Structure formats: C-alpha cells, structure tokens
Protein chains: 2
Amino acid sequence: MKANNDHTTRLIKYKRILIQLKSLGLERVFSTNLGDAIGINPTLVRKDFSRMNLTQGNRKGGYNINELIDSLNSILGTSELQDVVVIGCGNLGKALIKHEAFYKEGINISAGFDSNPREAELNGIPIYPMEVLMNYVTQHEIRVAVLCVPAGAASHTRDLLADAGIQGILNFTPVELKSSETLRIQNVNICLEIENLFFQISGKSSRVPV
Amino acid sequence: MKANNDHTTRLIKYKRILIQLKSLGLERVFSTNLGDAIGINPTLVRKDFSRMNLTQGNRKGGYNINELIDSLNSILGTSELQDVVVIGCGNLGKALIKHEAFYKEGINISAGFDSNPREAELNGIPIYPMEVLMNYVTQHEIRVAVLCVPAGAASHTRDLLADAGIQGILNFTPVELKSSETLRIQNVNICLEIENLFFQISGKSSRVPV
DNA sequence: TAGATTGTTAATCGATTAACAATC
DNA sequence: TAGATTGTTAATCGATTAACAATC
C-alpha cells in the first residue's frame, strides 16, 4: 500500500521531469539523470521502469524521452484535464478554486459545493449548495473531491461523498479519514506537517535512537 | 529519514488521540486502543513507546493517559503556541492566514510576507513586504515558514529564507525543494496528490505487480 | 573493439509483526 | 492465583541498493 503509493509518486515525478527535459530540447535521458533529478539511486529508476514492463532502454544511449513519456502516460492515465470538485468553500476551498496553477497541471475544478454558499460562482466556477451534490457528481461523472469543510463536518461529509459515488478524496481537514475498498483517501494534515517540522528542527529528533 | 519521519508522525498522532481520550474522561489506555485509533498494529505502538524510552506501561492496566501526554510533550516539544510566517499572500497564502483552525492546534501565524502586499493586515495579522523579512525573522526568532509563492519564485525564495535563518519550510509550491543540513523542507504537492488519487482509483495501479 | 549503460539477480537494510517471557 | 498486558527479542516482510552479465 504505502510502497505502491511511493512507487506511483515516483512515476508521476519522472513524467514531470521528462516533460521539462523535453521542453529544453533533450531527446534522450539516462537513469542517472532521473535519479539525480528526484533524489534517488539510479538503480531504483531502472527498477521502476522494469517493474512497469517498459524495457525499452538502449544499453548505450539511455532512454528516449518521448517514448518514456508515452509509456508513463499510458500507465498513469491520460495527460488530459481531470475534473475534481471542491467541497466546502471557506477560506481554503475558495483559495483552491481561485488557484489558477491547477489548470496548468491538468486539473480542472469543475464546481464548488458548500452547505451555505455565499456566492454563485468564483472565477467562473459555479458554487452549488450541498443538496445538489449527488446529482451533479452523477451527471458529470466526477470521481475525485477535495475536502475543505470544517473539522466537525469532515466525517459526515465523507459519508455523503461516498454515497454520491466519489472514489477519491484529497482531505484537507485535520480529521484523519481512512481509505476503504471503494473510497481512497489522501490526507493532507497541515498542522501535523508543521508540528513535524518543529520537531525535526528542534534537534530532539536525533535523540530518538534509530 | 523517511522512517524517522513516519515515527515522528505517529508520535504526534498518539498525542492528539490521547488528548481527545482524556477530554472524554478516560484515564488509562491500552496499546490496542491506540493501534486501532491510528490504524496500526498494537506491537508497533509499544515499540514506539519503548523506542522513546518511556517504559512506563503497567503490565495490567495499560498506560496512564496523563503520563503519556506529558512524556510525548517533553519529547515533541511544548504544546504551547508555535510561531510561523506565511511567505506569499496570494489566494492560498491569504486563506492560510485567515484559517482560524491553526490557532486551535497550537500554530500561530505571526505575519505574512509578499513581494507586493495588497493589504497591510488580514484578520489582524500584519502583511509585510519581502524586504523586511530578514529583520523580522531575526527579531522574532521565527524558525518555520509556510511557502505559498508562485512556482517561478519558489527556488529563489527558498534561498532568501535560508539566508534569513529559517530552519523549516512547509512548501506548497509545485516545485519540489530538497532538504539540506540546515533547512528541512516538507513538500505538499497538491497536484501530485490529486494525480496520485486518479491513478489509484483508475484500477491501473493493480496492474503494477508487487 | 572498448566503453558505457541497461536490466535483473542477489545482498542489504530497515521497518513491521509475531511470539513470548516478565509481571502487574 | 489466573488472566491480561506490557516490553523486547527474533522472524518476517518489503523496499532499496550493489553487483554484474548482457548488449548497444
């Protein structure tokens, strides 16, 4: 599970680096280059490629960047726009809706939902009341939601989303939600990350024996 | 590194669960309870406690919650407010500054910085131009920054923060920054997490052999 | 050809878990 | 005491890395 996740994350990173290298005019790349770029051992790069069955490297000239990008696209899914909805349009939800950088990276926020919408749209993206969520999600075949509701509403909203047929949630609430068979959850706990940072830099972390 | 990170994350989670259990009136807790709560094996809970040298469980009655919280506090650092600054006051930066939930969890946003501030304060939190960053950070002994600048400014701002003596960065830009000896970086790449979710639910992830 | 890089097997490393004696 | 739970050692598991034959 965790491993698979790490593995996937690396594949996505390879793809991004490759697109950048391509835009710089490069045509071929070595496992060492990719390893350097994402901070891992080149052997692991080759192992990753081998694991995804694209044994297409040339034992002299490395990998063809275009072919590699194609392979990664076919494995990771298209590089076209992927629709998500934002649930909870408070400060954070609104910021994500207005955040233009997502679009550039292939993510399209198709609508926002709020139990009590203060505006009808933001940057041209419609904001609907929660009541129409189920309908909207079904009609537009939305599979992924970004959860930005207050902590108190997290668990209840998770269930709503599950009922509506959502399959993946990026969870920004401080309530840690657990993945199930049909609903995959990625928790982003900002406070926990900050607390973690404070601990790491406190020097106390080295006291914990390895 | 990764391991240590996971270990720390678990310690923080224990602490939070324990505080909640305490607020419910509980006084003692078993390793099984904590394991259930954060979704891990109870042996790992005991191992974690053992690793941090608080062998204080009672072989019949489990652990005393108060003692456990005290121990965790002394290891993780105080539970008092911890000051951070937000760098980059665009949509996301502003949202974090206005996000009141941080305060409840012991995190105090002490100021915001922007290369071109549009307002002097938000929710009573002052917004300063980048020029005064170094001075402010030194004077207020700020050690952790939350980075919300545009992708193009990420790397440059990282260097600025390092020069100013910042020791930890929570990085919300899509540019993956690397930790150094003196500057620890926690990357939160929203687009990557979403892309990961889409892959996980696509069913293709199971094609990748384990 | 000689040199370089891949793909893959075997070795290592570290984290998690099982098992169980200690003991409350 | 008998039963239950801890603390810790040994076993397992999986991910990463080293080594190296294959080959361009």
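All of these numbers come straight from a predicted model, not from anything done at the bench. Scope of the values below: all heavy atoms of this structure, side chains included, with no hydrogens, waters or symmetry mates. Chain A is the first sequence line, chain B the second, and so forth, proteins listed ahead of strands; every chain is numbered from 1.
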Which nucleotide in [options] has an atom nearest any side-chain atom of [X]:
X	options	answer
A/K47	C/dT16, D/dT6, D/dT16	D/dT16
B/R51	D/dT8, C/dT16, D/dT16	C/dT16
A/L44	D/dT17, D/dT6, C/dT16	D/dT17
B/N41	D/dA18, C/dA18, C/dT6	C/dA18

At under 4.0 Å, does any side-chain N or O of [X] touch on OP1 or OP2 of [N]?
X	N	answer
A/R10	D/dT16	yes
A/Y63	D/dC24	no
A/S31	C/dT6	yes

With both pairing distances under 3.5 angstrom for Watson-Crick or G-U wobble, and | for a partner in another strand, the correct string for DNA chain C is ..||||||||||||||||||||||

On the 0 to 90° scale, with breaks at 30° and 60°, tag the B/F113-B/Y136 ring pair as parallel, tilted or perpendicular.
-> perpendicular

On a heavy-atom basis, the closest approach of B/A37 and A/K178 is O-NZ, 3.2 Å

Could you check whether A/N189 and A/E193, counting side-chain N and O atoms only, form a donor-acceptor pair closer than 3.5 Å? no

Side chains of B/T173 and B/N171: is there a donor and an acceptor less than 3.5 Å apart?
yes

Looking at B/E176 and A/R16, does any basic side-chain N land under 4.0 Å from a carboxylate oxygen? no

Ranking A/T43 and A/G61 by the position along DNA chain C of their nearest nucleotide, the one closer to 5' is A/G61

Discussion item. Applying side chain to side chain contact (heavy atoms under 4.5 Å, CB included) to A/V175 and A/R158, what does each step give before you reach the verdict?
Written reply: CA-CA 11 Å; A/V175 178; A/R158 190 212 92 104; over 6 Å; no

